[in-house]
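When a ligand or atom number is given, it counts from 1 through the structure's own listing order.
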Amino acid sequence: MISLENVTFGYDGRAPLLQDLTVTLGERRIGVIGSNGSGKSTFARLLNGLLTPTAGRVTVDGLDTRTHGRDVRRRVGFVFQNPDSQIVFPIVEEDLAFGLKPLKLPPAEQEARITEVLARYDLQAYRQHPSHALSGGQKQLLALSGVLVMRPEYLILDEPTTLLDLRNRTRVARAIRDLPQTVIAVTHDLDLLHDFDRVLVFDGGQLILDAAPPEALAHYRALMTGEGETA
Ligand SMILES: Nc1ncnc2c1ncn2[C@@H]1O[C@H](COP(=O)(O)OP(=O)(O)OP(=O)(O)O)[C@@H](O)[C@H]1O
Ligand SMILES: [Mg+2]
């Protein structure tokens with residue numbers, strides 16, 4: 001369970017973006033939607049301690065992100081909106097191995113995990129390939145793979161499908177559906193959310209609606225397209 005209690009957050013020297021937000025995230029599939037700049041990525045980064053609140057607190061299974069950052073980050077995997085922020089090693093397999101290092105797995109287990117994840121996203125042929133020379137979508141898949149191999153208990157995915165073709169988008173959607181873990185996905189890809197348990201809608205840093213997908217998506221569509229406005 002991830003809990004935010006009276007969380008306020010502002011970037012340095014700016015007015016607070018999120019104010020006094022209290023929400024508990026316990027369902028297996030939670031979507032986060034909202035306009036550009038509404039605070040979704042900021043919210044996501046607060047969930048694993050990449051950002052810490054200015055006031056209030058965020059806990060993951062009772063661990064405060066401010067005081068237990070390292071434990072929290074081991075439990076909560078995070079896939080960035082921009083895969084270049086995530087891919088750190090020059091060769092694909094090195095990048096995957098890097099994340100596994102702290103887990104100190106037996107070599108055969110490490111190898112099996114890497115092989116499995118590369119196969120799942122058709123990246124086997126790119127194992128020894130320079131990471132920077134992958135296509136945009138392949139980088140997005142590598143960034144996702146780099147977190148999946150660690151098998152964290154929670155997965156925060158910030159726009160996991162933006163660069164993907166239909167086949168890979170479907171693969172990622174299926175992976176999200178089939179993963180045993182809790183997944184919190186920030187996305188503009190609304191179709192991804194139909195079978196989710198819950199969707200949070202942000203606007204101007206505020207959580208304006210917290211509902212089941214049909215209601216949340218309808219509300220968001222109306223908000224974005226101006227339909228339903230009376231003025
Ligand atoms: N590192 C930062 N320093 C200062 N301001 C920031 C920083 N990152 C984001 N912001 C500001 O915070 C606001 C919310 O940004 P955020 O990235 O959370 O939005 P978002 O909902 O994820 O948008 P998008 O859909 O475009 O990804 C924006 O006004 C943005 O300019
Ligand atoms: Mg964002």
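What sits closest to atom 17 (O) of ligand 1 on the protein, heavy atoms only, is Ser41 CB, 3.6 Å. Protein heavy atom closest to atom 1 (N) of ligand 1, with residue, atom name and distance, is Tyr11 CE2, 3.6 Å. What sits closest to atom 14 (C) of ligand 1 on the protein, heavy atoms only, is Gly37 O, 3.4 Å. Taking atom 16 (P) of ligand 1 as the reference point, the nearest protein heavy-atom neighbour is Thr42 OG1, 3.6 Å. Among protein heavy atoms, atom 30 (C) of ligand 1 sits closest to Arg14 NH1, 4.7 Å.
Sorted by first and then second residue, the pairs that involve residues 57-70 and meet salt bridge (Lys or Arg N to Asp or Glu O under 4.0 Å), not counting sequence neighbours, are Glu5-Arg57, Arg57-Asp64, Asp61-Arg75. The stretch residues 37-60 participates, sequence neighbours left out, in these ring-ring contact (aromatic ring centres under 6.0 Å, His included) pairs: Phe43-Phe202.
When only modelled atom types and interatomic distance are considered, Gln140 and Thr162 share a side-chain donor-acceptor pair under 3.5 Å.
Atoms of ligand 1 lying under 4.0 Å from any heavy atom of His188, numbered from 1 in the order shown and given with element: 25 (O). Which parts of ligand 1 touch Gln81 is read off a 4.0 Å heavy-atom cut-off, strictly below it: atoms 27 (O). Each of the atoms 14 (C), 18 (O), 19 (O), 20 (P), 21 (O) of ligand 1 lies under 4.0 Å from some heavy atom of Gly39.
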Please report the C-alpha distance between Arg29 and Asp195 in whole Å, then the side-chain angles of each, then the deciding distance to 0.1 Å, and finally whether the salt bridge (Lys or Arg N to Asp or Glu O under 4.0 Å) criterion is met.
CA-CA 8 Å; Arg29 304 285 174 266; Asp195 59 353; over 6 Å; no
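Every residue two or more places apart in sequence or in another chain that forms a side chain to side chain contact (heavy atoms under 4.5 Å, CB included) with Pro16 is listed here: Thr8, Gln19.
Heavy atoms of Ser35 come nearer than 4.0 angstrom to ligand 1 in at least one pair. Contact annotation: Gly34 has no heavy atom less than 4.0 Å from any atom of ligand 1.
Leu100 and Leu142 fall within the same hydrophobic cluster, where Ile, Leu, Val, Met, Phe, Trp and Tyr residues are linked whenever their side-chain heavy atoms come under 4.5 Å apart, directly or through other members. Under the 4.5 Å side-chain contact rule for hydrophobic residues, Leu179 and Tyr121 share a cluster.
Heavy-atom proximity to atom 24 (P) of ligand 1, evaluated over Leu17, Asn82, Asn36, is greatest for Asn36. Taking only non-hydrogen atoms, the option from Arg45, Lys40, Glu159 nearest to atom 25 (O) of ligand 1 is Lys40.
Ionic pairing of Arg28 and Asp197 is not present here: no N-O contact between side-chain nitrogen and carboxylate oxygen is shorter than 4.0 angstrom. Looking at Arg127 and Glu111, a side-chain N of the basic residue comes within less than 4.0 Å of a carboxylate O on the acidic one, giving a salt bridge.
Two residues are said to be in side-chain contact when any heavy atoms from C-beta on lie closer than 4.5 Å; Leu50 and Phe80 meet this criterion. At a threshold of 4.5 Å between non-hydrogen side-chain atoms, the residues Ile33 and Leu200 do not count as touching.
Atom OG1 of residue Thr59 and atom CG of residue Leu4 lie 8.0 Å apart, to the nearest 0.5 angstrom. How far NE2 of His68 is from CG of Leu63: 5.5 Å, rounded to the nearest 0.5 Å.
There is a protein heavy atom less than 4.0 angstrom from atom 9 (C) of ligand 1.
Ordered by chain and number, Ser41 OG, Gln81 OE1 make up the set of protein N, O or S atoms under 2.8 Å of the Mg ion (ligand 2).
Considering backbone and side-chain N/O of Ser38, one or more are found under 3.5 Å from N/O of ligand 1.
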